[in-house]
Protein chains: 2
Amino acid sequence: MEEFLTLFTRTHKLLAAASDEAMGRHGVRIGQNLILEALWETDGLTPGEVAARARLPITTPTIVNTATRMEAAGLLTRRRDPNDGRLVRLYLTDRARAAQQPIQEARRRLEEHATATLTDEERDHLRTALLKVIQQLGADQAGPSGG
Amino acid sequence: MEEFLTLFTRTHKLLAAASDEAMGRHGVRIGQNLILEALWETDGLTPGEVAARARLPITTPTIVNTATRMEAAGLLTRRRDPNDGRLVRLYLTDRARAAQQPIQEARRRLEEHATATLTDEERDHLRTALLKVIQQLGADQAGPSGG
DNA sequence: AGAGAGTCATTAGCTTGCTAATGAAACCGT
DNA sequence: ACGGTTTCATTAGCAAGCTAATGACTCTCT
């Protein structure tokens with residue numbers, strides 16, 4: 001059967017493609033969203049801090065690489081921390097800050113559109129089910145042997 | 001809020017990681033699953049045919065690249081079609097065929113585990129909701145301007 | 001039969017994600 | 001103050017996915 005694994009992958013693929021396309025209209029790629037969200041909230045974070053605060057688990061090397069592309073795209077600048085030479089701080093450009101509203105709005109609309117054919121009740125069920133799956137699988141990672 | 005996009009991504013990430021780990025114990029990576037499934041059912045397909053038959057939309061270049069890695073890993077062999085020199089046919093090795101049962105079983109168990117805390121009803125709801133989202137987003141791709 | 005059009009697989013080049021290995025800087029204990 | 005440890009970012013190298021460009025082969029039409 002393998003219903004669920006396939007269904008999840010299909011859903012994710014469609015959502016990711018739609019999301020990337022929507023964000024692309026504002027000069028941003030999907031992988032940059034986590035960094036933007038973190039820096040919109042708190043500018044000047046380090047790559048490690050961004051990784052720690054992001055809403056999804058993401059590794060520091062991924063942040064670093066994506067930040068490099070964003071720097072090339074004129075979305076952020078790097079500056080060494082004057083008090084601790086190990087740290088690098090990421091600062092958004094005006095352009096990145098200007099994109100906040102449109103991008104967040106676009107993502108909100110995408111969510112609405114994707115779940116447009118669900119009733120409110122179905123939407124609640126879906127959210128609950130997703131949370132349960134996340135909790136179940138997340139528990140394994142945290143400590144498969146523990147309690 | 002952006003609840004759903006985040007929840008979907010998290011779920012997908014956890015499922016993909018768990019799946020890759022489960023398959024890894026049988027010498028197979030997650031990206032190879034689509035090709036294996038297609039060839040388990042019908043051996044000797046071409047890359048284009050695998051892409052067309054796979055349960056998820058996937059492009060031919062991805063099939064070709066993954067097939068190259070699988071060839072290196074001793075999971076399949078390439079042979080030019082004797083009747084049409086443009087075609088390349090992919091044939092599974094014994095090793096790949098031997099892995100079918102364990103891998104399918106592992107993926108089935110993973111599905112069960114991931115949805116273990118859901119009631120039967122919740123599972124049905126989840127499946128329904130996923131299908132609705134897929135249908136809604138899939139409709140855009142097919143023809144956004146149409147009906 | 002030969003030329004042009006069509007159909008394949010492949011390659012090139014990109015993004016996003018990962019783990020492991022590096023290298024620089026700061027900190028801590030002596 | 002200095003050596004070892006720890007804490008950072010970065011680099012290296014891989015998998016998986018995509019689109020666009022190539023190149024080989026077949027087919028079709030004259």
Side-chain angles (χ1 to χ4, degrees), chain A residues 9-10 12-21 23-24 27-36 44-52 54-73 75-90 141, chain B residues 9-10 12-21 23-24 27-36 44-52 54-73 75-90 141:
Chain A
T9 306
R10 276 181 68 185
H12 172 257
K13 221 170 185 174
L14 288 166
L15 276 175
S19 188
D20 191 42
E21 203 240 318
M23 297 181 59
V28 167
R29 296 296 303 271
I30 192 175
Q32 308 172 349
N33 194 56
L34 285 179
I35 298 184
L36 286 175
L45 294 174
T46 69
E49 286 168 346
V50 171
R55 273 203 281 201
L56 308 174
I58 189 90
T59 64
T60 305
T62 298
I63 301 291
V64 169
N65 287 330
T66 304
T68 300
R69 284 189 289 269
M70 290 172 78
E71 199 173 20
L75 291 167
L76 60 76
T77 60
R78 278 178 162 93
R79 231 174 303 156
R80 207 105 220 164
D81 187 302
N83 297 115
D84 187 337
R86 293 169 299 181
L87 305 181
V88 161
R89 305 213 160 264
L90 307 176
Q141 292 193 325
Chain B
T9 307
R10 276 181 68 185
H12 173 257
K13 221 169 185 176
L14 288 166
L15 277 174
S19 187
D20 191 41
E21 203 240 316
M23 295 181 63
V28 167
R29 297 296 302 270
I30 192 177
Q32 307 172 348
N33 194 54
L34 284 179
I35 298 183
L36 285 175
L45 293 174
T46 68
E49 285 167 347
V50 171
R55 272 203 282 197
L56 308 175
I58 190 91
T59 64
T60 306
T62 298
I63 301 291
V64 168
N65 287 333
T66 304
T68 299
R69 283 189 289 268
M70 290 172 77
E71 199 172 20
L75 290 167
L76 59 75
T77 61
R78 275 180 163 93
R79 233 174 300 154
R80 206 107 220 161
D81 187 303
N83 297 115
D84 186 338
R86 293 169 301 181
L87 304 181
V88 161
R89 304 213 159 266
L90 307 175
Q141 292 195 325

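Keep in mind it's a predicted model, so treat the numbers as computed, not measured. Letters go in sequence order (proteins before strands), and every chain restarts at 1.
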Test item: [X] and [Y] side chains (from C-beta on) under 4.5 Å apart, heavy atoms:
| X | Y | value |
| --- | --- | --- |
| Ile35(B) | Thr66(B) | yes |
| Val28(B) | Leu36(B) | yes |
| Leu90(A) | Leu45(A) | no |

Please classify the nucleic acid contact of [X] as base, sugar-phosphate, or nothing, using heavy-atom distances under 4.0 Å.
| X | result |
| --- | --- |
| Val64(B) | base |
| Thr68(B) | nothing |
| Arg78(B) | sugar-phosphate |

Using whole Å, report how far [atom1] of [X] lies from [atom2] of [N].
| X | N | atom1 | atom2 | value |
| --- | --- | --- | --- | --- |
| Leu87(A) | dT7(D) | CG | P | 13 Å |
| Leu15(B) | dC18(C) | CG | C1' | 17 Å |
| Asp81(A) | dA24(C) | CG | P | 19 Å |
| Met70(A) | dA9(D) | CE | C1' | 17 Å |
| His12(A) | dG17(C) | NE2 | C1' | 11 Å |
| Ile63(B) | dT19(D) | CD1 | P | 13 Å |
| Met23(A) | dT15(C) | CE | P | 14 Å |

Non-hydrogen atoms of Ala51(A) and Ile58(A) that approach each other most closely: CB-O, 3.6 Å
Nearest non-hydrogen partners of Val50(A) and Ile63(A), listed with the distance: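 For Val50(A) versus Ile63(A), the nearest heavy atoms are CG1-CD1, 3.6 Å.
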Per-nucleotide protein contact string for nucleotides 24-29 of chain D, where B marks a base within reach and S marks sugar-phosphate only (heavy atoms under 4.0 Å, - for neither): -BS---
With the criterion being N/O to N/O and under 3.5 Å, what pairs connect the protein with nucleotides 14-18 of chain D, and how long is each?
from, atom 1, to, atom 2, distance (Å)
dA16(D), OP1, Ile30(B), N, 3.4
dA16(D), OP1, Gly31(B), N, 2.8
dA16(D), OP2, Arg69(B), NE, 3.4
dC18(D), OP2, Thr59(B), N, 3.0
dC18(D), OP2, Thr59(B), OG1, 2.9
dC18(D), OP2, Thr62(B), OG1, 2.9

Main chain of [Y], side chain of [X]: is a donor-acceptor contact present, judged purely on distance under 3.5 Å?
| X | Y | value |
| --- | --- | --- |
| Asp20(B) | Ile30(B) | yes |
| Arg80(B) | Gly85(B) | yes |
| Glu49(B) | Thr46(B) | yes |
| Arg79(B) | Arg89(B) | no |

